[in-house]
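A, B, ... follow the sequence lines: proteins, then strands. Residue 1 opens every chain. If you're wondering where the values come from, they're calculated on a predicted model, not measured in any experiment. Note that these values count all heavy atoms, side chains included, but never hydrogens, waters or copies made by symmetry.
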Amino acid sequence: MTTDTEARTGRAGRFDPASYEQGWRERWQADALYRADDEDPRQKHYLLTMYPYPSGDLHIGHWYAATGPDIVARMRRMQGLNVMFPMGFDSFGLPTENAAIDRGVDPATWTAANIDQMRAQFRTMGCMFDWSREVVTSDPAYYRWTQWLFGEFFKAGLAYKAMAPVDWCPRDQVVLAREQVEGPNRVCWRCGTPVVKRDLEQWFFRTTRYADELLDFRGIDWPEPIRLMQTNWIGRSEGAEIDFPVEADGVDPIRVFTTRPDTVFGATFMVLAPEHPAVVVLTTPDRRAEVEAYVERARRETEIDRMSAERERSGVFIGPYAVNPMTNERIPIWIADYVLPGYGTGAIMAVPAHDERDYDFARRHELPIRYVVAPTGGEAPAEGAFVEHTSDEVLVDSGEFSGMSAADAIGAIAQQLADLGLGGPAVTYRLRDWLVSRQRYWGAPIPIVYCPEHGAQLVPEAELPVRLPEGVDFAPTGVSPLQSHAEFLRATCPVCGAEARRETDTMDTFVDSSWYFLRYCSPHDELRAWDPEAVKRWMPVDLYTGGAEHAVLHLLYARFFIKALRDIGHLSFDEPFLALRNQGQILGADHQRMSKSRGNVANPDELVARYGSDVVRLFLMFIGPWDQGGPWNASGIEGIHRFLGRVWAQAQPEPGEAVEGSAVPGMPPAQSLAGEPPGSGGPAAGELLGTIEEMSRALRRATHITIRDVGEDYADFHFNTAISKLMELSNAIGKARDTGLAGSAAYGEAIEALLLLLAPAAPHIAEELWSRRGRPYSIHLQAWPTFDAALATADTLELPVQIDGKLRDRLVVTVDTPAEEIERLALASERVQAHLGGRPPRRVVQIPGRLVNIVTSG
RNA sequence: GGGCGAGUGGCGGAACGGCAGACGCGCCGGCUUUAGGAGCCGGUGUCGCAAGACGUGCGAGUUCGAAUCUCGCCUCGCCCACCA
């Protein structure tokens, strides 16, 4: 018998991942082991993990995010699917431009260097990425098609230009993306100055056209929290629009949106957003000075002031009165900054008795409060009090609707308004159209030129890509760096050929990432954004993994893209990602987000150098549930190192062991697996034989239970429990070795099952040991083991015996013991009798195969 | 303020109506080693000599039986926050 120590230091060589990991990776790459073949007849499986931003360094979070889907991808392939698992880089964006400003480097050069570095680091993980499909979004060969897609949207009326308020840093004189506005005080990320809103002409994608369809998640398997976040972000509200005529000559009525049309009898004033277009028209001369001052203040105020939690409920009366269409009462028209210009109609009917914001405003400005709903059978509320909304209200003081339940009145009043031509039922959304233009250099230029005669014209497809010029001055001046590049600006109108000016805005990087998964299907196609046949073959993505922080950004935009492209006629499916799984976030040891500025970034390179990449992969997957993440702490990594060291020792071929013909299911063994004693070593003779047979059966049971459970755990992304089960099997193998089972068929079966199950999670060691055992290259091309249900079942059970739910004894019985016999044995137990102390059992509850509970109390 | 999620040993976690603490870290003891390290074996929720009792944030409830289901509260995390 060979001891573990001998195996580790003697014949087999020490467990030293550095001696084989790199070599296997090179061989896999040379053999194109992971290339997804378009012509492969097997069922396709497109597994995708979110591509990274090329910041320059792969950190522990990248390893954590990538290892999970890699395990699943590898298992799926062993299970017979044609798996595509591509990788690329989301390489346009602000941090690179910032580096260009700070360090004086060229963004393209900087990006290329970062990608080279990260690609090399990625390779050390041993993931089965198909690098032949790599996509780099800042490559003109890619962004040419991003520009083409913009054009498709433009032609379909899904891209348009409009005036919009954007975040502006008054100190740097520059527009900021929303994600560059930081913290509760909404300050500029670079200089810490509070941002203000500025009105600028911007490009939008018409996401709101798809608001309703985006709320429909039928047919896709996405985590509930993500669906909820998207649902809340879209924010569908049902209610009514109501027209309030204005007491002024030749003025249109003011339309409001409300979710509570049942409270219209309580509307005692109106409030418009300061930006509402009617304000200029309606304001009476005597109010003009005050109103203009208020509007100007609202415009200048930073958003934080306007959205402050401590609201002053400021506002001014603008002069005229409107008429409540249900009560015919004159009500004053005010403006206030708590009414938002972008939501609903930008105007509200104020019902101070039943809306807390209106209530605060009415109290502050001494406006009337009228109660029009009350709890069923309840009293009118005390004068001046605010009443919390309840579910069983009825209308009061509401004309013909008095006495009707509030729930019924919502529909009835909306209907009557519609009949009167004063509005009617309406739906509104919080979702806004997607602002895609950025006054930035490092992005895909928007392919538009402006002709003095013909206005905004799309750059013809033959002229794409509109390339980013080199040698641009990045110093922040308040306008896009492209605006100071005379040569870039110069263009000709595609309609008349006259001199035109080129658009200098670039696209949001989320546009790039809204279609990269389509490009992976035919990444080298130079004539089209994608080959329709390839997309038909691979799309939709079967399983997508990534961080939950993209819930309402990337994941919503990508869904919009697919639906829009379907309607334009380029695609024939409705959703990009059939299933979605989110990994948790690995935090710094200080429980904070990892960031260079905090200095808490854990670097995997040292650990990989010390333990090898298998140990790092396995450790990351073992520390907890993959979807949970948590603070980084490497203190347990020794346990994984020891585990793989044990596997290393156990899986060395035994002297004389037959390695021809597999002991693993799916590859039928040459000889019987009934548990015969080993051919060499071990105490084979005499009375130990019985023990050996039992141990052999127990080992086979452990093997088959593990095959069953690990496959399920991997598929469910429960990598931590899968690994613990592999450890248990390894422990069982260790016990079997002590009993002298090493070299037996059952032992070989256990070892080879362990290696096959380990292969997705620890691909290098599995390959190395598989090879050392003389098995055919590559373990990653082998069939996934199948389990034998009969072998996985024990023939005896240990049943817990409880009295009134407390554990008192355990019974060991054969699985076919009848219930009456189990009850008799349980009651006959000495420990049970002692605990009963003469009390008679009232009844005995038996859960077959689980437990026995003797109930004595009533 | 609203929504969602989570509270289990010294630590990461497992179990998700049926033996609480699998698996691992750490710690304690032993073997081995010139030594250090590594490795191997055993122990390790709390109290108790033991029998046993107690134990999954707190309090109630449902159940033969609750970490698990229900209700209320506390704490932490994430997302959205004047959305009419």
Give the rounded distance in Å between these two atoms: [atom1] of [X] and [atom2] of [N].
X: A:N853; N: B:G17; atom1: CG; atom2: C1'; result: 13 Å
X: A:I242; N: B:A84; atom1: CD1; atom2: P; result: 14 Å
X: A:R227; N: B:G3; atom1: CZ; atom2: P; result: 19 Å
X: A:R236; N: B:A84; atom1: CZ; atom2: P; result: 13 Å
X: A:F719; N: B:G24; atom1: CZ; atom2: C1'; result: 18 Å
X: A:F361; N: B:A84; atom1: CZ; atom2: P; result: 19 Å
X: A:R642; N: B:C25; atom1: CZ; atom2: P; result: 5 Å
X: A:E241; N: B:A84; atom1: CD; atom2: P; result: 13 Å

Would one find a side-chain N or O of [X] under 4.0 angstrom from OP1 or OP2 of [N]?
X: A:Q628; N: B:G13; value: yes
X: A:R646; N: B:C40; value: yes
X: A:K806; N: B:C64; value: no
X: A:R808; N: B:G65; value: no
X: A:N720; N: B:A22; value: no

Same-atom distance ([atom1]) from [N] to [M], integer angstrom:
N: B:U32; M: B:A22; atom1: C1'; answer: 30 Å
N: B:U46; M: B:G55; atom1: P; answer: 16 Å
N: B:U62; M: B:C82; atom1: P; answer: 44 Å
N: B:G9; M: B:G61; atom1: C1'; answer: 28 Å
N: B:A20; M: B:A67; atom1: C1'; answer: 7 Å
N: B:G42; M: B:G24; atom1: P; answer: 12 Å
N: B:C4; M: B:C40; atom1: C1'; answer: 48 Å
N: B:A81; M: B:G13; atom1: P; answer: 30 Å

Q. How about A:F269 and A:F361: are their ring centres within less than 6.0 Å of each other?
A. yes
**Q.** A:F510 and A:H554 aromatic centres sub-6.0 Å
**A.** no
Nearest to the side chain of [X], heavy atoms from C-beta on, is which of [options]?
X: A:T259; options: B:G18, B:G3, B:A84; answer: B:A84
X: A:E728; options: B:C23, B:G3, B:G18; answer: B:C23
X: A:M727; options: B:G24, B:G18, B:A84; answer: B:G24
X: A:R843; options: B:C82, B:C23, B:C64; answer: B:C64
X: A:T721; options: B:A14, B:C82, B:G24; answer: B:A14
X: A:P625; options: B:A84, B:G13, B:C64; answer: B:G13
X: A:L851; options: B:G18, B:G12, B:C4; answer: B:G18
X: A:S635; options: B:C25, B:C23, B:G12; answer: B:C25

So what does [X] hit on the nucleic acid, given a heavy-atom distance under 4.0 Å: a base, only sugar-phosphate, or nothing?
X: A:R850; result: sugar-phosphate
X: A:N731; result: sugar-phosphate
X: A:S237; result: sugar-phosphate
X: A:I348; result: base

(Q) Under 6.0 Å from the ring centre and within 45 degrees of the ring axis: does the NZ or CZ of A:R642 meet both conditions for the six-membered ring of A:W648? (A) no
Q: Mark yes or no: A:R255 above the aromatic ring of A:F244, with NZ or CZ under 6.0 Å from the six-membered ring centre and no more than 45 degrees from the axis.
A: no
Q. With A:M270, which of A:I254, A:I318, A:I335 fulfils side-chain contact (heavy atoms from CB on, under 4.5 Å)?
A. A:I254
Q. Would A:K806 and A:D804 pass as an ion pair if we require N to O under 4.0 Å?
A. no
Q: Specify the glycosidic conformation (syn or anti) of B:G9, with syn defined as within 90° of 0.
A: syn
Q: Check the pair A:D212 / A:R236 against salt bridge (charged side-chain N to carboxylate O under 4.0 Å, His left out), numbers first and verdict last.
A: CA-CA 8 Å; A:D212 265 320; A:R236 181 188 157 98; 2.7 Å; yes
